[in-house]
Undergrad: 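Got a structure for you, questions after.
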Amino acid sequence: MAQYAILIYAKAQVDEAEVIPGAREAHDRHFEDMVKSGALVAAFALQPAADTATSVCGDVVTDGPFVDAKEVVAGFAIIEAPDLDAALKIARANPATQQGGGVEVRPVEGGFIADRPAVA
């Protein structure tokens, strides 16, 4: 089965008044649905880019995301799906697509996950 990366985009700046009630819960439900279906390989939510991103380009290090944009990568997931159409169906269900953001789906060419000892 092929693997696909789903890059999740959200607004770069969100005022408290713009927070959609139930948005976090919708993302949690989508996550649980991907786990139950067996499609989810890995998923990570990122801290807000405006507060925490540091970019490196050559010898230059700057605060903030690499590009100045209205949207930033808010998280990503790696899923397994039989084909692109199935991956797109999973991606379309991501709440970001209805909350002012969106998703990008890309086939994974290769990857590595470190085998780390369990933390006691």
Side-chain angles (χ1 to χ4, degrees):
M1 200 167 306
Q3 291 187 338
Y4 297 88
I6 300 175
L7 305 175
I8 304 159
Y9 293 91
K11 290 181 179 180
Q13 298 291 331
V14 178
D15 295 328
E16 192 64 32
E18 292 181 287
V19 174
I20 299 168
R24 170 73 70 180
E25 294 79 9
H27 283 278
D28 291 345
R29 281 192 303 278
H30 179 62
F31 171 81
E32 291 296 327
D33 289 346
M34 289 191 300
V35 169
K36 287 177 187 172
S37 74
L40 187 65
V41 174
F44 297 89
L46 304 176
Q47 292 186 0
D51 300 333
T52 61
T54 302
S55 299
V56 179
C57 185
D59 293 333
V60 179
V61 177
T62 58
D63 290 336
F66 186 71
V67 295
D68 186 20
K70 293 179 183 178
E71 294 179 334
V72 295
V73 178
F76 62 93
I78 305 297
I79 62 166
E80 288 185 338
D83 55 36
L84 179 59
D85 288 337
L88 291 173
K89 183 177 179 181
I90 294 168
R92 277 190 203 101
N94 190 296
T97 64
Q98 303 300 313
Q99 297 172 352
V103 297
E104 178 181 338
V105 179
R106 298 182 55 187
V108 172
E109 185 172 308
F112 172 78
I113 298 175
D115 186 20
R116 300 190 183 255
V119 177

Undergrad: So among Asp33, Val105, Ile79, Val103, which one has a side chain to side chain contact (heavy atoms under 4.5 Å, CB included) with Ile90?
TA: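 Only one of Asp33, Val105, Ile79, Val103 forms a side chain to side chain contact (heavy atoms under 4.5 Å, CB included) with Ile90, namely Ile79.
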Undergrad: Return the minimal non-hydrogen interatomic distance between Ala10 and Ala74, and the atom names on each side.
TA: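 Distance-wise, the nearest heavy atoms are CB-CB, 3.8 Å.
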Undergrad: Cluster question for you: counting only ILVMFWY and a side-chain heavy-atom cut-off of under 4.5 Å, with indirect links fine, are Leu88 and Phe76 together?
TA: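 In one cluster: no.
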Undergrad: About how many Å separate CG of Leu7 and CG of Leu46, when rounded to the nearest 0.5 Å?
TA: 10.0 Å
Undergrad: What are the two closest non-hydrogen atoms of Ala26 and Gln99, and how far apart are they?
TA: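 Looking at all heavy atoms of both residues, the shortest contact is CB-NE2, 4.0 Å.
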Undergrad: Rounded to the nearest 0.5 Å, what's the gap from CG on Asp83 to NZ on Lys89? Could you check?
TA: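 Atom-to-atom, Asp83:CG and Lys89:NZ are 11.0 Å apart.
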Undergrad: Show the nearest heavy-atom pair for residues Ala81 and Ala87, with the distance to one decimal.
TA: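 Shortest heavy-atom separation between Ala81 and Ala87 comes out as CB-N, 3.7 Å.
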Undergrad: If two hydrophobic side chains count as joined below 4.5 Å and joins carry through other members, does Ile78 share a cluster with Ile6?
TA: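 Different clusters: Ile78 never reaches Ile6 through Ile, Leu, Val, Met, Phe, Trp or Tyr contacts under 4.5 Å.
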Undergrad: How many angstroms lie between CD in Glu25 and CD in Glu32, if you round to the nearest 0.5 Å?
TA: 13.0 Å
Undergrad: Using the rule that two of Ile, Leu, Val, Met, Phe, Trp, Tyr join whenever any of their side-chain heavy atoms come within less than 4.5 Å, decide whether Val41 and Ile8 are in one cluster.
TA: no
Undergrad: If you group Ile, Leu, Val, Met, Phe, Trp and Tyr by side-chain heavy-atom gaps below 4.5 Å, do Leu84 and Leu40 land in one group?
TA: yes
